[in-house]
Amino acid sequence: MSGVTTQRGSLEGYKVCVIIPTYNNASTLGGVINDVAAFTPHILVVNDGSTDDTLAVAGQFPAIELVTYPKNRGKGWAIRKAFARAV
């Protein structure tokens with residue numbers, strides 16, 4: 001566990017923000033968020049019009065920033081919007 005702590009500490013100096021675009025990934029999203037959170041608390045999840053329980057799963061992580069769009073516009077669009085938001 002000390003290796004993860006060291007990694008997290010070293011990333012803080014770089015002001016890292018991890019963007020997670022998602023569309024209908026309710027079954028895997030929680031694990032991805034937990035894994036990323038071991039390295040940085042700066043997580044931006046973009047829910048791109050999911051029709052499953054993705055939004056509910058993301059809502060279980062109050063420390064993340066969540067951006068959600070009602071209609072699926074595509075991964076490229078979601079990532080571009082996330083970059084603009086992260087800046």
Side-chain angles (χ1 to χ4, degrees):
M1 189 68 165
S2 64
V4 171
T5 304
T6 303
Q7 286 290 358
R8 188 173 188 168
S10 67
L11 289 177
E12 286 300 312
Y14 293 105
K15 299 182 181 177
V16 172
C17 173
V18 175
I19 296 169
I20 304 172
T22 186
Y23 175 72
N24 289 343
N25 295 113
S27 63
T28 58
L29 182 60
V32 171
I33 293 171
N34 279 325
D35 289 348
V36 171
F39 294 93
T40 182
H42 309 291
I43 302 171
L44 175 59
V45 174
V46 181
N47 176 34
D48 189 21
S50 295
T51 57
D52 66 355
D53 289 331
T54 295
L55 190 56
V57 172
Q60 295 173 7
F61 296 89
I64 67 167
E65 183 169 350
L66 177 63
V67 177
T68 189
Y69 297 102
K71 183 178 177 186
N72 181 268
R73 303 287 300 267
K75 184 177 179 179
W77 185 85
I79 290 173
R80 285 192 305 274
K81 294 294 184 180
F83 282 146
R85 179 82 173 247
V87 169

How close do [X] and [Y] get, counting heavy atoms only, and between which atoms?
X   : Y   : result
L66 : A58 : CD1-CB, 3.9 Å
G49 : Y23 : O-CE1, 3.4 Å
A82 : I19 : CB-CG2, 3.4 Å

Any non-hydrogen side-chain atom of [X] less than 4.5 Å from a side-chain atom of [Y]?
X   : Y   : value
V16 : H42 : no
T22 : T28 : no
L29 : I20 : yes
K81 : V67 : no
V46 : I79 : no

Near D53 CG, under 6.0 Å, is it more than 12 heavy atoms from other residues, nucleotides or ligands? no
Given the rule that I, L, V, M, F, W and Y join up when any side-chain heavy atoms are under 4.5 Å apart, are Y69 and L55 in one cluster? no
Indicate if V18 and L44 have the same hydrophobic cluster label, given that clusters are the connected sets of ILVMFWY residues with side-chain heavy-atom separations under 4.5 angstrom. no
Atom NZ in K71, atom OG1 in T51: separation rounded to 0.5 Å? 14.0 Å
Checking side-chain contact (heavy atoms from CB on, under 4.5 Å) for the pair K75/D48: CA distance, chi angles, key distance, verdict? CA-CA 8 Å; K75 184 177 179 179; D48 189 21; 5.9 Å; no
Starting from the C-alpha separation in whole Å, work towards a yes-or-no answer on side-chain contact (heavy atoms from CB on, under 4.5 Å) for V32 and V45. CA-CA 10 Å; V32 171; V45 174; over 6 Å; no
Apply the side chain to side chain donor-acceptor pair (under 3.5 Å) test between N47 and each candidate in N25, T68, T54, N24; give the one that qualifies. T68
